[in-house]
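Have a look at the structure below, then the notes.
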Amino acid sequence: MSTRPTLVTGATGKLGRLVVERLVALGQPVRVFTRRPDAARTLFGETVQIAAGDFGDRAALDAAVGGIGRLLLLSPISARLVADQTAVADAAVAANAARIVKISGSDWTIEPPGNSISGAAHAAVERHLSGLPTETVSLRPNAWMQVSLANTVRQAIASNQVIAANLDAGIGYIDARDIADVAVHQLLADRVRNRAFNLTGPDVVSFRQIAALLAAALKRPVAALEKPPQAIPADGDFEHRAVAQFVRLIAAGRAATTTDVISTLLGRPPRTVADFILQQVAAETAVPEYQP
Ligand SMILES: NC(=O)c1ccc[n+]([C@@H]2O[C@H](COP(=O)([O-])OP(=O)(O)OC[C@H]3O[C@@H](n4cnc5c(N)ncnc54)[C@H](OP(=O)(O)O)[C@@H]3O)[C@@H](O)[C@H]2O)c1
């Protein structure tokens, strides 16, 4: 076991916190980089070192990478993604970090080029990493169940309907817990191949099928409604334009892919949409216990 900590950026976010929890559970030393040290302390208690700072603050980054062994590189979709991630990666290399594992964009946002501003930003970071004198791995997860599907479950519970731009376009959704498992596997493996992995769930599932799964879980009808995708706002901010492009690409069937990467790397199948929906419905509809 390495005694040098792994630095996790984006640690307080949806995926980063799952990676931190797993590393801590394995007894690995972890340092998290955050603008919100209090939030990190609330989430992780005394189990992690906290390096406070913003990606744009070079001195804070240099302090955060001091003595680290490995880096989990994650930042939100933004016009700053390339600048932020290359700054963290360069700081980590200057600090002699042995390996960088990057959470990249979905493969269908990157290949073929020209369809996604978010995919183009992640691709630029991947190219930068491939020129660095350290081991690097990029994980390209398909759409996460915990992001878009969680909202769909809440929508069905509230209104007995789900709405999508194309009801028959499939999506190879992946459970964020599987992404975190692969990230930890790649951070701790003895050796890694400098490459990008296309991570997906086990099945391609359409919104029509999701409505049927929700109806079974809720034990009542759930309607599936089609609504054309909104125009991509030319003057919108980076994240809104990126998300509008995702909706169009998904509606065109571009996310309808599965790979066997999870099974190959982890030796077990990926989590399914059917199980995720059952778990979410149970969590969202649980009756709070009576507290006298
Ligand atoms: N959702 C999907 O389906 C999907 C699919 C493929 C790839 N991805 C990729 O996943 C990434 C998003 O992951 P996520 O949803 O887990 O993120 P998230 O929940 O939005 O969390 C963002 C994290 O970034 C940190 N952060 C934001 N701005 C920062 C700054 N200026 N300096 C330092 N830290 C900063 C935040 O920390 P503090 O607020 O504590 O500072 C927080 O921990 C994106 O790169 C996206 O492209 C997502």
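Order of appearance sets the numbers: ligands from 1, and atoms from 1 within every ligand. Only a predicted model underlies this, so the values are computations on that prediction, with no experimental measurement involved.
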Looking only at N/O atoms, are [X] and ligand 1 under 3.5 Å apart anywhere?
X      : value
Arg35  : yes
Asp84  : no
Asp54  : yes
Leu15  : yes
Ala143 : no

Atom CZ of Arg193: over 12 foreign heavy atoms under 6.0 Å: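 It does not: Arg193 CZ has 12 such atoms or fewer within range.
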Heavy atoms of other groups near Gln230 CD, more than 12 under 6.0 Å: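 Counting neighbours around CD of Gln230, 12 or fewer heavy atoms of other residues, nucleotides or ligands fall under 6.0 Å, so no.
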Which residue from [options] reaches closest to [atom] through any of its heavy atoms?
atom                    : options                        : result
atom 9 (C) of ligand 1  : Ser104, Ser116, Pro141, Ala242 : Ser104
atom 20 (O) of ligand 1 : Lys14, Arg80, Glu239, His122   : Lys14
atom 11 (C) of ligand 1 : Gly10, Ser75, Ala121           : Ser75
atom 35 (C) of ligand 1 : Phe55, Tyr173, Trp144, Trp108  : Phe55

Donor on one side chain, acceptor on other, Trp108 and Asn198, under 3.5 Å: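 Judged by distance alone, the side chains do not pair up.
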Any side-chain donor near an acceptor of the partner, Gln146 and Asp175, under 3.5 Å: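 Yes, because at least one side-chain N or O of Gln146 sits under 3.5 Å from a partner of the opposite role on Asp175.
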Under-4.0 Å heavy-atom contact with ligand 1, by part of Val147 that carries it: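 It is the side chain that touches ligand 1; the backbone stays farther off.
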Top protein contact for atom 17 (O) of ligand 1, by heavy-atom distance: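 Ranking protein heavy atoms by distance from atom 17 (O) of ligand 1, first comes Leu74 CD2, 4.1 Å.
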Ser148 near ligand 1 by a heavy-atom separation under 4.0 Å: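 Checking ligand 1 against Ser148, which is what was asked, there is no heavy-atom contact under 4.0 Å.
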Heavy atom of Ala39, distance to ligand 1 below 4.0 Å: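 Distance cut 4.0 Å: Ala39 fails for ligand 1.
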Salt-bridge criterion met for Glu284 and Arg154 (N-O under 4.0 Å):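 Salt bridge flag = yes for Arg154 with Glu284.
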Residue from Ile262, Asp107, Thr264, Leu139 passing side chain to side chain contact (heavy atoms under 4.5 Å, CB included) with Phe197: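 Exactly one pass, corresponding to Leu139.
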Backbone N/O of Leu18 and side chain of Arg22: donor-acceptor pair under 3.5 Å: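 Between the backbone of Leu18 and the side chain of Arg22 there is a qualifying donor-acceptor contact (under 3.5 Å).
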Over-ring placement of Arg31 relative to Phe33, 6.0 Å and 45° cut-offs: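 No - Arg31 does not lie over the ring of Phe33 by the 6.0 Å and 45° rule.
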Inter-residue atom distance Arg241.CZ - Ile77.CD1, 0.5 Å rounding: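 The distance works out to 12.0 Å.
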